[in-house]
Every structure is written in C-alpha cells, then in structure tokens.
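For reference, the structure is listed below as structure tokens.
Hydrogens, waters and symmetry mates play no part in the numbers below; they use all other heavy atoms, side chains included. Being a predicted model, the structure only gives us computed values, none of them experimental.
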Number of protein chains: 2
Amino acid sequence: MARKSLAEKAESRTRILGAAAKLIRTNGIEGTTVAEVMEEAGMTHGGFYRHFDSKEDLVAEAISVAVQDALNFFSSGDSATHEEATAYVSNYATKEHARAMASGCPIPLLSAEVARGSDAWRDALRAGVTKTTKKLTDGLNLKDETDALVLLSTLVGGLLIARGVGEGALQDKLLSGITERVQA
Amino acid sequence: MARKSLAEKAESRTRILGAAAKLIRTNGIEGTTVAEVMEEAGMTHGGFYRHFDSKEDLVAEAISVAVQDALNFFSSGDSATHEEATAYVSNYATKEHARAMASGCPIPLLSAEVARGSDAWRDALRAGVTKTTKKLTDGLNLKDETDALVLLSTLVGGLLIARGVGEGALQDKLLSGITERVQA
DNA sequence: TATCTAAGGTGATCAATAACATCTAAATGT
DNA sequence: ACATTTAGATGTTATTGATCACCTTAGATA
C-alpha cells in the first residue's frame, strides 16, 4: 500500500529483525521462511526485499540480535559482576531454558546450522561467543578464557542434549547434573 | 526396470539408510531431500516409498544408523575398555572431527533439529546418548553416569561451538582447551 | 511345473511452499 | 507542485515431499 516515513521504516526493520531472531531460534534457520518472518512482523512478504538483500543477510543480522539479546542478561559494558555471572550459569541448564526456545541462548540452537552457513553467520556467532567468554572469565574470576570456553561448552552441550533427548528422566538427570557439578 | 529379490531389496534399504545417515549429518535434516538420498543410494526418488512411509520415518531410522555408527568406535557389548574410552575422549574435540561432518558424532550435528522433530527422533537420539554414557562411565571408571553426562556435554558443546565459530584462533583455543582440561 | 499375484523400481506428475522479481501508489524533498 | 523514491501487494519460477501408472519379475499357490 502506502509508503512509510523514515522513522517508520526503521521501526519496520527492527520488527523484522526481532521476528527473525525469535523464529530462527524456535524453528531453525532453514525452518523459518521469509513470509513467516514478515507476517510475525505485521507485514506481507513482498516488502521484505526493501529492507534486506536476501534471507541470508537477514539471518546474519538476526543472529547478532539474538546474541545481543542473550548478552542483555549482563549489565552493559565489557565486564560482568559476580552475581550476574553465577546467575547466568545457574539459570542456563534448567528446564525453563530448555523450553524457552524463542528467547533462549542462540548458541545451542543455531550453531549446527551456522556451521554449514555463510562466513557472516559464523562471524556473528563468534562475536557472541567471545563476548560471553569475556563476561564469564571476568565475573567468575576464572584463571583464563580457556576455562570460560570449557565452561560454556559444558552448558551449551548440556542444554543441547537435554533438548535432543526430550523431557524425561534422562533430561532431568542431565540438567541437574550440569547445574550441580559445574558451579565452581 | 525389473523387480528385485528380497535380498536385493534389503540391500537397497541399507543403502538408502546409509546415504541418509551421511547426508543428514552433512546438510542437516531439513537440508536433505528425499531425492538426494535416493540419488546417493543409486536409485530414483519414486521408489523411496516402497521402503519408507515418509521422510520422517526414514530420518528416525537414519538417526539410529548414525548413532550406531558412532558407537562402533567401541567394541561391541555394553561395556568399554579404558583404552577405547580415553581414545574416544581425546579424538572428540579435534579439528579432524570438526571437519568430518558426514561420519561425525550425530549428537552435536542433529540434536537441535531433533529437539524440534518427532518423538521417534528423540527416542533414537536418547538411545545413543544412553549407550555412550554407559561406555564412558564404565571405560573411564567414573563415579556415576552423571559424571559421564557432564563429560559428554562438554565434548558435544565444544565441538558444536568450534564448528559454529568456524576455523581460526578461537576454534583452536577452544578445541585444545577442551582436550587438555577434560581428560581426567 | 505352470500360473498368478504382489511387489521393486522408474519417471512423470501433483499440490504446497519456497525464494525472488515486478508493479503500484503514496510520501518525500527540492 | 512535481519528479523521485520506495513500502508493501501481486506474480512468477523453482523445489519440496508425496503419489501415480506402468513395466518387469520374484515368489507364493495349486
């Protein structure tokens, strides 16, 4: 229909990115269509290409949005408080997080598809991993970033497997085991 | 063409499953088409439905094949030797494994899609996780299966993130960190 | 053993859905 | 005011999982 003002266009773009960041985590990247994203953003799919050159470009930016969304758990800046970091760890391997795909950590949800995707996707994910590692190293007073990478690997792998095996006794044992034995 | 014997049909089915187990790990479940699987198996895609009711059924069995493939690293039976288990762990978080998608461990490759898939998919994956956990608990003399689940989570998460961030300094630090600090 | 039935595999096709291109009308800025 | 720009609607093409008629023959039956 009609043309929108510049401010409205920026809002549209933000809505598209928010919808994409939510949908790719819920249904996967390949499982998300441009039409779905646009409908979730309140538009028809034809207008999409006024905002992004391709689905691949959208996904690259949406990964960054999802990553930033996860990092908003921490106060802004490069470091993190001890409380934030311990809360991040103890909230990670939980049933609530396992169920919350739309707003969950993008690393376990997207890494496999990102590995097969474009360089831009991996760049966006790498930025998130690097920032999270810094937050954990700082907030938990770890001896180096490698310790933070190993810790993050345990959390990510635990959540991934928990979702993959589905709800039940094994998932319960896994999630409680991670939470209980990882907290340094 | 002509009708095949029962033995030939069984071979065809095995070829289809082998092709599917390879392709879903390489390109993901959604990224794999029935036609591709059949071509890889040396047939046309029309004949697929003489063997399986649907792609979903194929994938459920292909996950089991991939899982069994990974478990063939261990000697048959329920337990594992110490050598097998330590070799499994020290070979897991390596660049070679990170690159070998077609024959790699299905857990980091498929869990995210399986989590969104059918119960049968999760059943197949859960069986693999359970068996691997038993092998590790036994072979490494861990104090309980929870320890094995946490170890497996670290390996799986590390490999997943390594692939997601792509080759480079961060991947190197991550893979070497996992290998070096995980070996109990 | 002769016959009939049922089944494996092919290739064409279907309906649904994907990504992407084009078109139209309205808002912008000189 | 008016030419330009462009958001969003409409159309087009390609691909997907699945079904089809058909040809051939393996395997059960009498």
Practice item. To the nearest Å, give me how far apart CZ (B:F52) and P (D:dT19) are. Key: 15 Å
Study note, to complete from the structure: Per the under-4.0 Å heavy-atom filter, residues of residues 16-45 of chain B near DNA chain C come out as B:M43, B:T44, B:H45
Review point. Nearest-Å distance, CZ (A:R50) to C1' (D:dG8)?
Key: 9 Å
Exercise for review: Would you mind classifying the nucleic acid contact of A:Y49 as base, sugar-phosphate or nothing, using non-hydrogen atoms under 4.0 angstrom?
Suggested key: base
Practice item. Starting from P on C:dA7, measure out to CZ on B:R13 and report it in whole angstrom. Key: 15 Å
Practice item. Could you pull out all residues at least two apart from B:K173 that satisfy side-chain contact (heavy atoms from CB on, under 4.5 Å)? Key: A:E145, A:T146, A:L149
Exercise for review: Rounded off to whole Å, could you give me the CG-to-P distance for the A:D53 and C:dC20 pair?
Suggested key: 10 Å
Practice item. Heavy atoms only: give me the nearest A:I178-A:G158 pair and the separation to one decimal. Key: CD1-CA, 4.0 Å
Exercise for review: Would you mind telling me which of D:dA18, C:dC20, C:dG9 lies closest to the side-chain atoms of B:H51?
Suggested key: C:dG9
Practice item. Kindly write out the residues that satisfy side-chain hydrogen bond (donor to acceptor under 3.5 Å, both in side chains) with A:R116, not counting sequence neighbours, or none if the list is empty. Key: none
Study note, to complete from the structure: Contacts of B:R15 and A:S54 projected onto DNA chain C by closest heavy atom; the upstream (5') one is B:R15
Study note, to complete from the structure: Between CG of A:L58 and C1' of C:dC20 the distance, given in whole Å, is 14 Å
Check your understanding: If you measure from the Lys or Arg side-chain nitrogens to the Asp or Glu carboxylate oxygens, is any gap between A:E30 and A:K55 under 4.0 Å?
Key -> no
Point to revise | Proximal nucleotide (of C:dA7, D:dG27, D:dG8) relative to the B:L6 side chain | key: D:dG27
Practice item. Take the protein atom CZ of B:F48 and the nucleotide atom C1' of D:dG17, then report the distance between them rounded to whole Å. Key: 9 Å
Review point. When you check the gap from the basic side-chain N to the acidic O, do A:D69 and A:R25 get nearer than 4.0 Å?
Key: yes
Exercise for review: Would you sort out whether B:L152 and B:Y88 count as a side chain to side chain contact (heavy atoms under 4.5 Å, CB included), showing the intermediate values?
Suggested key: CA-CA 11 Å; B:L152 185 62; B:Y88 181 87; 4.3 Å; yes
